[in-house]
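In what follows, every heavy atom counts, from backbone to side chain, and hydrogens, waters and symmetry copies are set aside.
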Amino acid sequence: MGPSWADRDLRVTLEQVAKDKKAEDHGESKGAMMHVKKYLLKGLHRLQKGPGYTYKELLVWYCDNTNTHGPKRIICEGPKKKAMWFVLTLLFTSLVCWQWGLFIKTYLNWEVSVSLSIGFKTMDFPAVTICNASPFQYSKVQHLLKDLDELMEAVLERILGPELSQVNATRTLNLSIWHHTPLVFINEQNPHHPVVLDLFEDNFNGSASSSPAPGRPCSAHRCKVAMKLCSHNGTMCTFRNFSSATQAVTEWYTLQATNIFAQVPNQELVAMGYPAERLILACLFGAEPCNYRNFTPIFHPDYGNCYIFNWGMKEKALPSANPGTEFGLKLILDMGQEDYVPFLTSTAGARLMLHEQRSYPFIKEEGIYAMAGMETSIGVLVDKLQRKGRPYSQCTKNGSDVPIQNLYSSHNTTYSIQGCIRSCFQEHMIRECGCGHYLYPLPHKRKYCNNQEFPDWAHCYSALRISMAQREACIYACKESCNDTQYKMTISMAVWPSEASEDWIFHVLSQERDQSSNITLSRKGIVKLNIYFQEFNYRTIEESAANNIVWLLSNLGGQFGFWMGGSVLCLIEFGEIIIDFVWITIIKLVALAKSVRQKRAQARYEGPPPTVAELVEAHTNFGFQPDSATPGPDAGAYPHEQNPPIPGTPPPNYDSLRLQPLDVIESDSEGDAI
């Protein structure tokens, strides 16, 4: 059954109500829009009127009503005093602007002041990194360095003075290493014509003169020893001079050893270093015993296997219970000096460094040596540095805003400027030389430099090492850390063990390490360390803004009040006058544009403008003219007559015949008055 008539009527009624409500809402919104439009129209006409003054009237009004003292006197006084007050006002205004410029410039320099405060609290014990001065055990790397060591012995014999023929007669040398980077003698008896002699050649090269007389070999006491660095298959060579032959042969041997170790896998290098169980003989932290298992191993290219105590990577940092030697870290180390690499390491002892937890130990740059056969006591004081960030300084909080890739991030350590500078150098090394240096971490898919794959790397590395542009580029790119902790150390030493106790101490230590009743240790390799806090006082060196916004506003207001007797309200008045000047200028520009447009419109008429009658005649509607002939009803389709003309333009729509609201007429009249 379909819907009833009542249901249909109800549905129609509801639809009609909805339509009426929609129309009512539309009418209300339309009325609101009309009110807003009317209000904006009135506001536009008021703005078009502008301040209503000329420039001169506005200036006079400002001088007469401002709270600044000088301009008032210019209006009120006589002609002579007006001139005097005008000059004084101009002078003091210039002084105020000059002083303001100085204060704003000082503020924008972002200067800082440093404050020093002393605190007292229980502190975490620092991380302690210890290394052996020799990176490898000679017994484990001797097979790698055999040819190099024989060549080094021959070089020393040549430097000390025997004839080259005697050297060649005693041994057969592998000169493939020598040809890449040889050592030479440089005879500078004649500075204008220096003579260069390869240590394993009979004749001189690089001189404009002939060879010196036979029987006068060049030795270290007569000539300087230099390193010859070549590239492009020996066509481009430079000489690196040294003041001592000791420095020359040490640098040369280190460079050649770097070439050898760069080709050995890292796992094998670690196995050739000193293991923790042989290096660390005894350990005590406060009253708690410790051993080599409490140290975290890390491989350092300069010092081999290093071990870090209290690094804080996997466990919480250990606090120090009290200051003093009894509550610090005590270590007994065996350096194994009898197994040092003879030509690679000339220093005996332990290398150690104190640093923050989770920071990488740059022990070569920031570490200290502890002498073998001595007890070294290190008292520690803590300095905490807190630098202001931007714009006061270029420090960084975590290194994320530094454009250099941190090659030490694989160790999960915090940012440091040392790591940034070394990463920057490795980046330049790879870009310039095509390979990375063995002493620095290597980026992904890159190779370390070696003579076989990169024969010119030594020359490139030497040039990059002394390049001032490279240093400045890395220093400019790297930033200091905003928060840093420095450990100041007070070091004292004494002979240990004493002659009276030497026998039994070495017996006990030999028994514990080697299970031997014989003494396997000696004074030449034993190091004892005591590391402790001197006191729990720590210093905080904090930077703060030297000139803040309060300082700037105070000085600006003080100068303005002193020279001009003004305040902030005077500045607001001056700003008001500037706005009025802008409005007057805009109105004048608009009026000028209207006048130009009217002149262009008048220029289109050759004679005087048309009258109203002429305009009405021009708009006559030909559709209302009578027909010239009225055809009869049977005339047909008007075969002999022309079609009537097309109706003309309808009469103009005269606005004067319409009534307009009073407010619109008023607004238009105001606009025309302008």
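Residues Asp149 and Tyr253 bring a donor and an acceptor atom of their side chains to less than 3.5 Å of each other.
The aromatic rings of Phe295 and Phe309 sit tilted, their planes meeting at an angle between 30° and 60°. Below 30°, between 30° and 60°, or above 60°: for His300 and Tyr303 the angle between ring planes is between 30° and 60°, a tilted geometry. Below 30°, between 30° and 60°, or above 60°: for Phe261 and Phe136 the angle between ring planes is between 30° and 60°, a tilted geometry. Between Phe536 and Phe120, the ring planes lie tilted relative to each other; the angle falls in the 30° to 60° range. Ring planes of Tyr360 and Tyr408: tilted class, angle from 30 to 60°.
Without hydrogens or angle criteria, Arg539 side chain to Leu116 main chain gives no donor-acceptor distance under 3.5 Å. Using a distance-only test at 3.5 Å, with no hydrogens or angles considered, no donor-acceptor pair links the side chain of Tyr415 to the main chain of Thr396. In this structure, the side chain of Ser320 engages the main chain of Asn322 through a donor-acceptor pair within 3.5 Å. Gln337 places a side-chain N or O within 3.5 Å of a backbone atom of Lys524 that can act as its donor or acceptor partner. Although no hydrogens or angles enter the test, the distance criterion places no donor-acceptor pair under 3.5 Å between the side chain of Ser481 and the main chain of Ser416. The main-chain N or O of Thr325 is never found under 3.5 Å from a side-chain atom of Asn530 such that the two would form a donor-acceptor pair. The closest donor-acceptor contact from the side chain of Arg351 to the backbone of Gly367 lies under 3.5 Å. At least one donor-acceptor pair under 3.5 Å links the side chain of Thr258 to the backbone N or O of Thr254. Trp311 places no side-chain N or O within 3.5 Å of a backbone atom of Pro297 that could act as its donor or acceptor partner. Listed for the Gln357 side chain is a donor-acceptor partner under 3.5 Å among the backbone atoms of Asn310.
With 2.5 angstrom as the limit on SG-SG distance, Cys230 and Cys237 come in below it. A disulfide is not assigned to Cys420 and Cys474, since their SG atoms are no nearer than 2.5 Å.
Pairing each heavy atom of Gly286 with each of Leu284, the nearest pair is O-CG, 3.6 Å. Taking every heavy atom of both residues into account, Cys283 and Asn291 meet most closely at CB-N, 4.0 Å. The two atoms that bring Ala262 and Cys449 nearest to each other are CB-O, 3.5 Å, heavy atoms only. Summarising the geometry of Ala350 relative to Leu333, their closest heavy-atom pair is CB-CD1, 4.1 Å, with the distance given to 0.1 Å. Nearest heavy atoms, Phe242 versus Ala226: CD1-CA, 4.4 Å. Of all the heavy atoms in Val527 and Ala372, the pair that sits closest is CG2-CA, 3.6 Å.
Looking only at side-chain heavy atoms (C-beta outward), Phe533 and Phe327 stay at 4.5 Å or farther from each other. Residues Ile430 and Gln426 have side chains in contact (heavy-atom distance under 4.5 Å, counting atoms from C-beta outward). Side-chain contact between Phe125 and Ile531: present, with at least one pair of heavy atoms (C-beta onward) separated by less than 4.5 Å. For the pair Phe343/Leu148, no side-chain contact is recorded, criterion being any heavy-atom separation below 4.5 Å from C-beta on. Side-chain contact between Leu281 and Glu512 is absent, with no heavy-atom pair separated by less than 4.5 Å. A 4.5 Å side-chain heavy-atom check between Lys140 and Asp339 finds every atom pair outside the cut-off. Leu344 has its side chain within reach of Pro135: a pair of non-hydrogen atoms, C-beta onward, lies under 4.5 Å apart. In this structure the side chain of Leu145 reaches within 4.5 angstrom of the side chain of Ile260, judged on heavy atoms.
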Inset, instruction - Output, in order, the C-alpha distance, side-chain angles, deciding distance and verdict of side chain to side chain donor-acceptor pair (under 3.5 Å) for Glu432 and Gln470. - result: CA-CA 11 Å; Glu432 300 294 333; Gln470 182 272 327; over 6 Å; no
Inset, instruction - Might you work through the side chain to side chain contact (heavy atoms under 4.5 Å, CB included) test for Thr485 and Val382, ending with a clear yes or no? - result: CA-CA 7 Å; Thr485 301; Val382 180; 3.8 Å; yes
Legend entry - Derivation and outcome, side chain to side chain contact (heavy atoms under 4.5 Å, CB included), residues Leu407 and Arg422: CA-CA 8 Å; Leu407 300 180; Arg422 293 164 73 93; over 6 Å; no
Inset, instruction - Could you walk me through whether Asn398 and Thr414 pass side chain to side chain contact (heavy atoms under 4.5 Å, CB included), step by step? - result: CA-CA 7 Å; Asn398 53 15; Thr414 57; over 6 Å; no
Legend entry - Steps toward disulfide bond (SG atoms under 2.5 Å apart) verdict (Cys131, Cys306): CA-CA 5 Å; Cys131 308; Cys306 296; 1.9 Å; yes
Legend entry - Gln452 and Asn259: CA distance, side-chain angles, deciding distance, side chain to side chain contact (heavy atoms under 4.5 Å, CB included) verdict: CA-CA 9 Å; Gln452 284 69 31; Asn259 164 64; 4.1 Å; yes
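Summarising the geometry, atom CD belonging to Gln263 is positioned 10.5 Å from atom NZ belonging to Lys447; distances are rounded to the nearest 0.5 Å. We find the CZ-CG distance between Arg513 and Leu521 to be 4.5 Å, quoted to the nearest 0.5 Å. How far CE of Met227 is from NE2 of His459: 12.5 Å, rounded to the nearest 0.5 Å. If you take CZ on Arg431 and CD on Glu427, they are separated by 5.0 Å, rounding to the nearest 0.5 Å. Rounding to the nearest 0.5 angstrom, the gap separating the CZ atom in Arg293 from the CD atom in Glu277 is 8.5 Å. Note that NE2 of His180 is 11.0 Å distant from CH2 of Trp457, once rounded to the nearest 0.5 Å.
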